[in-house]
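Counting starts at 1 for both ligands and their atoms, following the listed order.
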Amino acid sequence: MTEGPLLVEEIVVEGSNPTGGVISVWTLNRPDKLNALNSESHKEIKKHCKNVESDDDVRCVVIRGAPPNDPEPGKKAKPPAFAAGADISEFVGKNSDDVRPFFEENAWEAVWNLSKPTIAMIDGFALGGGTELALSCDIRIASDRSSFGQPEINLGLIPGGGGTQRLCRLIGYGRTMEIVLSGKIISSEEASRIGIINKIVPHDDLESVTMALAKEISQKSPYTTKVAKRVVRGALDLPFSEGVIMERSEFVALFDTDDKEIGVQAFLERSDPRWLGR
Ligand code: COA
């Protein structure tokens, strides 16, 4: 486990093949600031994205927020948060030249560009850059006490971490407009209803439900999961007719892998596949 604004822990995946598979669990660790993402958080997230890409053992990444610290005597407890956005204190007095380099190389894109599956495990506020970080993950699971929104409009800003684009593709134009233009905060129930999150669970079950899914994904062939992610992602970028051709070509190419033969044989023998990851 590292220290700082991002804690990284590796959870061993029993039954993973090739053996040694781990789930990399990243905890945004600024609970006193509701895990707001400052430049240091971005640097750490980008660094760990690089680490994950070069580490074959990592099968899946789970991103979460650190729970609130116990309050100091006489002070009120902070609420739980995934991340309450970009760190607004870093915006003071900055002009476009100051912020451009940071936003051109940001953590949201780094997470989005990971070739491995990613899950956001959300408990509490996921606002602004927090919603955007969750949207940069492939799957979002949230507790029943979470909330979402793009309140940048209240600061005279708009989302800058891909929120307008990813939300639009996920939930459509009208709903995205409402969220971006009103800056309103929506509950997990609403987020679940309109498709921002995949699943809503009681907060006590959030970790077990999320980690069970991460484990299930991590037990697949690490080669095939990357292909699956790449191909589904293609649906966001490609015209439909090209996407279908791309899928077919990737499907056909999988017939040259060891893992296709291993998977098919295991099915026929009613045994567990022992993937080679190639
Ligand atoms: N950036 C920097 N600090 C933040 C922050 C952010 N995005 N969100 C919360 N914090 C800090 C607060 O300044 C406060 O710090 P302090 O205790 O040192 O004063 C601490 O986190 C707790 O937040 P607080 O506002 O006191 O909690 P609350 O329960 O009253 O309200 C929110 C919670 C989430 C509604 C409120 O913090 C909020 O609106 N945050 C900003 C959300 C936002 O606009 N995000 C988009 C940014 S681009």
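- Within a 4.0 Å radius of atom 21 (O) of ligand 1, the protein has at least one heavy atom.
- For atom 39 (O) of ligand 1, the nearest protein heavy atom lies 4.0 Å or farther away.
- For a threshold of 3.5 Å applied to N or O pairs, the pair formed by I88 and ligand 1 contains at least one separation below that value.
- When heavy-atom distances to ligand 1 are checked against a 4.0 Å cut-off, E152 comes that close only through its side chain, counted from C-beta outward.
- Between S89 and ligand 1, no pair of N/O atoms sits closer than 3.5 Å.
- At least one heavy atom of D32 sits closer than 4.0 Å to an atom of ligand 1.
- Seen from the ring of W108, R166 does not count as a face-on cation partner, given the 6.0 Å and 45° thresholds.
- Side-chain contact check for Q150 and T131: no donor-acceptor pair (N or O, by modelled atom type) lies under 3.5 Å.
- In this structure, of G149, A86, A77, the residue bringing a heavy atom nearest to atom 7 (N) of ligand 1 is A86.
- The shortest distance between side-chain heavy atoms of S218 and C60 falls below 4.5 Å.
- For atom 26 (O) of ligand 1, the nearest non-hydrogen atom of the protein is K76 NZ, 4.7 Å.
- For atom 48 (S) of ligand 1, a protein heavy-atom neighbour is present inside the 4.0 Å cut-off.
- Of the protein's heavy atoms, A36 CB, 4.0 Å lies nearest to atom 5 (C) of ligand 1.
- V111 and V62 sit in two unconnected hydrophobic clusters of ILVMFWY residues. Membership requires side-chain heavy atoms under 4.5 Å apart, directly or through other members.
- Looking from atom 34 (C) of ligand 1 to the surrounding protein, the closest heavy atom is L127 CD1, 3.6 Å.
- With hydrogens and angles left out, the side-chain atoms of T118 and D138 include a donor and acceptor closer than 3.5 Å.
- No hydrogens or angles considered: a donor-acceptor pair under 3.5 Å links the side chains of D87 and S89.
- In this structure, atom 2 (C) of ligand 1 lies nearest to the protein heavy atom D87 OD1, 3.3 Å.
- Residue L155 has no N or O atom closer than 3.5 Å to an N or O atom of ligand 1.
- Residue contacts with ligand 1 do not include G129, since none of its heavy atoms lies under 4.0 Å from the ligand.
- The nearest pair of heavy atoms linking E40 to P5 is CG-CG, 3.7 Å.
- The nearest protein atom to atom 18 (O) of ligand 1, hydrogens excluded, is given as K33 NZ, 2.5 Å; this is a heavy-atom distance.
- V227 and L238 fall within the same hydrophobic cluster, where Ile, Leu, Val, Met, Phe, Trp and Tyr residues are linked whenever their side-chain heavy atoms come under 4.5 Å apart, directly or through other members.
- Shortest contact from atom 37 (O) of ligand 1 to any protein heavy atom: L34 CD1, 3.7 Å.
- At least one test fails for R64 against the ring of W26: distance under 6.0 Å to the centre or angle within 45° of the axis.
- Distance from atom 17 (O) of ligand 1 to its nearest protein heavy atom, with residue and atom name: K78 NZ, 2.6 Å.
- A 6.0 Å sphere centred on CG of N95 holds more than 12 heavy atoms belonging to other residues, nucleotides or ligands.
- Each of D258, T225, T257, N17 was evaluated against W275; a single residue qualifies, N17, per the side chain to side chain contact (heavy atoms under 4.5 Å, CB included) test.
- Within a 4.0 Å radius of atom 43 (C) of ligand 1, the protein contributes one or more non-hydrogen atoms.
- Scanning the protein for heavy atoms near atom 29 (O) of ligand 1, the closest one is P79 CG, 3.5 Å.
- For ligand 1, the polar-atom distance check against A84 finds a nitrogen or oxygen pair separated by under 3.5 Å.
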**Report entry** Verdict with reasoning, K50 to E53, per salt bridge (Lys or Arg N to Asp or Glu O under 4.0 Å)
**Finding:** CA-CA 5 Å; K50 279 200 182 128; E53 279 303 321; over 6 Å; no
